[in-house]
Amino acid sequence: MAAPPPRRRAPPPTFRPRTTLGLAYLSAFFFLYCLLIAVPALVEVARSVPPGPEQQEAAARATQEIVQPRLWIALAAALATTGLGIYSGWLPGLRRR
């Protein structure tokens with residue numbers, strides 16, 4: 001009786017952090033869109049309030065009032081941008097091979 005052929009070891013799977021990269025892109029786009037929503041209010045505060053602690057308080061208040069009700073818009077835009085980037089292959093690390 002002949003001996004069975006030696007078993008070949010399969011190469012280890014390559015590490016592809018697609019989920020981690022996808023979440024990183026999603027959070028980066030989310031913060032970018034939140035910043036874009038807040039910039040007009042911050043510019044207005046910078047023009048109207050003299051520098052100092054009052055300006056910091058006014059900027060924090062204005063940012064919170066402007067961004068908080070629009071968080072869903074920023075999240076939807078971030079999801080759409082990330083999804084479009086994955087689908088079209090524009091985002092490095094998430095391209096299909």
Side-chain angles (χ1 to χ4, degrees):
M1 203 179 217
R7 290 183 135 189
R8 292 175 134 185
R9 281 194 140 176
T14 57
F15 180 65
R16 293 188 186 139
R18 290 179 55 90
T19 303
T20 306
L21 278 174
L23 289 173
Y25 283 123
L26 179 67
S27 61
F29 284 130
F30 176 72
F31 286 119
L32 175 70
Y33 288 127
C34 284
L35 180 66
L36 290 175
I37 291 171
V39 164
L42 292 174
V43 168
E44 182 62 34
V45 168
R47 288 181 181 164
S48 63
V49 180
E54 296 85 18
Q55 187 182 39
Q56 288 180 340
E57 291 173 15
R61 212 173 327 111
T63 302
Q64 187 175 14
E65 290 172 1
I66 292 295
V67 173
Q68 198 169 24
R70 294 173 176 87
L71 281 176
W72 293 107
I73 296 170
L75 181 61
L79 282 169
T81 305
T82 305
L84 182 65
I86 291 171
Y87 178 75
S88 64
W90 290 342
L91 296 176
L94 299 177
R95 296 182 181 134
R96 296 181 188 225
R97 295 179 188 238

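The model shown is predicted, which means the values in this text are computed figures rather than measured ones. The residues of the chain are indexed from 1 along the displayed sequence.
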Quick check for you: to the nearest 0.5 Å, what is the distance between [X] atom [atom1] and [Y] atom [atom2]?
X: I86; Y: L94; atom1: CD1; atom2: CG; result: 5.0 Å
X: L91; Y: R18; atom1: CG; atom2: CZ; result: 10.0 Å
X: R61; Y: Q56; atom1: CZ; atom2: CD; result: 12.0 Å

Solution key, residues 23-50 side-chain donor-acceptor pairs under 3.5 Å, sequence neighbours excluded:
unit_1	atom_1	unit_2	atom_2	d
Y25	OH	P92	O	2.7
S27	OG	L23	O	3.1
S27	OG	A24	O	3.0
Y33	OH	T81	OG1	2.7
S48	OG	E44	O	2.9

Item to check | Over 12 non-hydrogen atoms of neighbours within 6.0 angstrom of CD in Q64 | outcome: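 Count not over threshold, so no.
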
Checklist entry - Of all residues at least two apart in sequence or in a different chain, which pass the side chain to side chain contact (heavy atoms under 4.5 Å, CB included) check with P69? => result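 Partners of P69 by the side chain to side chain contact (heavy atoms under 4.5 Å, CB included) criterion come out as none, since no residue qualifies.
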
